[in-house]
*Asks:* 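Below is one structure. I have some questions about it.
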Amino acid sequence: GAVVSQHPSWVICKSGTSVKIECRSLDFQATTMFWYRQFPKQSLMLMATSNEGSKATYEQGVEKDKFLINHASLTLSTLTVTSAHPEDSSFYICSARAGGIGSYNSPLHFGNGTRLTVT
Amino acid sequence: DAKTTQPNSMESNEEEPVHLPCNHSTISGTDYIHWYRQLPSQGPEYVIHGLTSNVNNRMASLAIAEDRKSSTLILHRATLRDAAVYYCILRGSGGATNKLIFGTGTLLAVQP
């Protein structure tokens, strides 16, 4: 089955530093990737949609300059949390959809998440 | 976005069937009904999806009401590994509506 790998699985960083999270589709090409954030005991919140070769589309209320997304290839998208603060501590999850036009309802494949702790 | 309503939590016994309900009275004609589940400390996992007809796969069955205003995810024999949060999500076909927007889901507890 389709596998999405996320790295690192957990990271601790100091306030003010930046952290990069990678999301890779291992056995399929992902034209679209989605980034979510999840706080404890809450549901997933969509942050942005990442399309290969174009700028990411951010959801309302998500700062694009703080959460930099790069989808440089069909198998890799990265999320960089810039100038991280303790309130950015959360569980970040990526997902990927295989295929292009006509595959809009293909299932999404999720990574296992990255737990970010900012001290 | 068309919304779904699910019970906050449900309990089941191991080896018994589980019926997880979902109401989506404002569903549009082109919305697919998707189900995902999330085990503790993991990313969500696709379970099943459908449009109008009932669907079966190795994980579960999806029963869709004739008017499509509700659906039920059926786990035929619950195991302890099925304990998770189950999300019922409507997903459109267009670009803007193709996103998966998660609600609060149903926390399923499975008792041995």
Side-chain angles (χ1 to χ4, degrees), chain A residues 1-7 9-10 21 23-25 28 30-51 54 56-60 62 90-116, chain B residues 1-9 22 27-53 55 57-60 62 64 73 84-108:
Chain A
V3 176
V4 173
S5 174
Q6 211 173 316
H7 178 81
S9 55
W10 61 271
I21 301 169
C23 179
R24 293 181 185 273
S25 56
F28 66 100
T31 52
T32 304
M33 289 184 173
F34 301 90
W35 285 95
Y36 291 85
R37 181 168 58 179
Q38 185 175 33
F39 292 108
K41 299 201 183 298
Q42 293 187 22
S43 187
L44 286 81
M45 186 198 80
L46 179 65
M47 299 176 68
T49 302
S50 163
N51 292 298
S54 62
T57 303
Y58 290 81
E59 295 299 303
Q60 192 172 5
V62 178
S90 188
F91 192 48
Y92 292 86
I93 307 167
C94 72
S95 68
R97 175 171 64 82
I101 295 174
S103 66
Y104 282 133
N105 263 290
S106 299
L108 290 191
H109 307 285
F110 286 81
N112 269 331
T114 297
R115 191 162 301 282
L116 170 64
Chain B
D1 294 326
K3 289 193 173 181
T4 63
T5 304
Q6 299 177 254
N8 288 333
S9 62
C22 180
I27 189 171
S28 76
T30 55
D31 285 340
Y32 281 76
I33 302 159
H34 284 247
W35 284 82
Y36 285 76
R37 71 180 186 181
Q38 186 179 24
L39 279 65
S41 299
Q42 294 188 26
E45 174 187 29
Y46 166 78
V47 178
I48 201 166
H49 78 283
L51 183 62
T52 56
S53 303
V55 185
N57 67 20
R58 63 175 179 80
M59 288 183 72
L62 176 60
I64 302 173
L73 180 71
V85 179
Y86 287 78
Y87 296 98
C88 168
I89 306 169
L90 300 182
R91 191 176 181 203
S93 299
T97 60
N98 191 242
K99 302 177 286 192
L100 273 185
I101 305 297
F102 286 78
T104 53
T106 296
L107 176 61
L108 175 66

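Below, read A as the first sequence line, B as the second, and so on, with proteins coming before strands; counting in each chain starts at 1.
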*Asks:* Work out which heavy atom in B/Q42 is nearest to a heavy atom in A/F91; give both atom names and the distance.
*Replies:* O-CE2, 3.9 Å

*Asks:* Are A/S43 and B/Y87 packed together at the side-chain level, in the sense that at least one heavy-atom pair is separated by less than 4.5 angstrom?
*Replies:* yes

*Asks:* Would you say the side chain of B/I101 lies within less than 4.5 Å of the side chain of A/L46, judging by non-hydrogen atoms?
*Replies:* yes

*Asks:* Please find the pair of heavy atoms, one from A/N112 and one from B/G43, that lie closest to each other, and give the distance.
*Replies:* OD1-N, 3.6 Å

*Asks:* Rounded to the nearest 0.5 Å, what's the gap from OH on B/Y36 to CG on A/L44? Could you check?
*Replies:* 11.5 Å

*Asks:* Using the test side chain to side chain contact (heavy atoms under 4.5 Å, CB included), find all partners of A/V62 that sit at least two apart in sequence or belong to another chain.
*Replies:* A/M45, A/M47, A/Y58, A/E59, A/F67

*Asks:* Using side chain to side chain contact (heavy atoms under 4.5 Å, CB included) as the criterion, list what pairs up with B/I48, not counting sequence neighbours.
*Replies:* B/W35, B/V55, B/N57, B/L62, B/L73

*Asks:* State the OH-OG distance between B/Y46 and A/S106, to the nearest 0.5 angstrom.
*Replies:* 9.5 Å

*Asks:* Is chain B contacted by the side chain of A/Q38, its backbone, both, or neither, given a heavy-atom distance below 4.5 Å?
*Replies:* side chain

*Asks:* How long is the gap from CZ on B/R91 to CG on A/L108, to the nearest 0.5 Å?
*Replies:* 4.5 Å

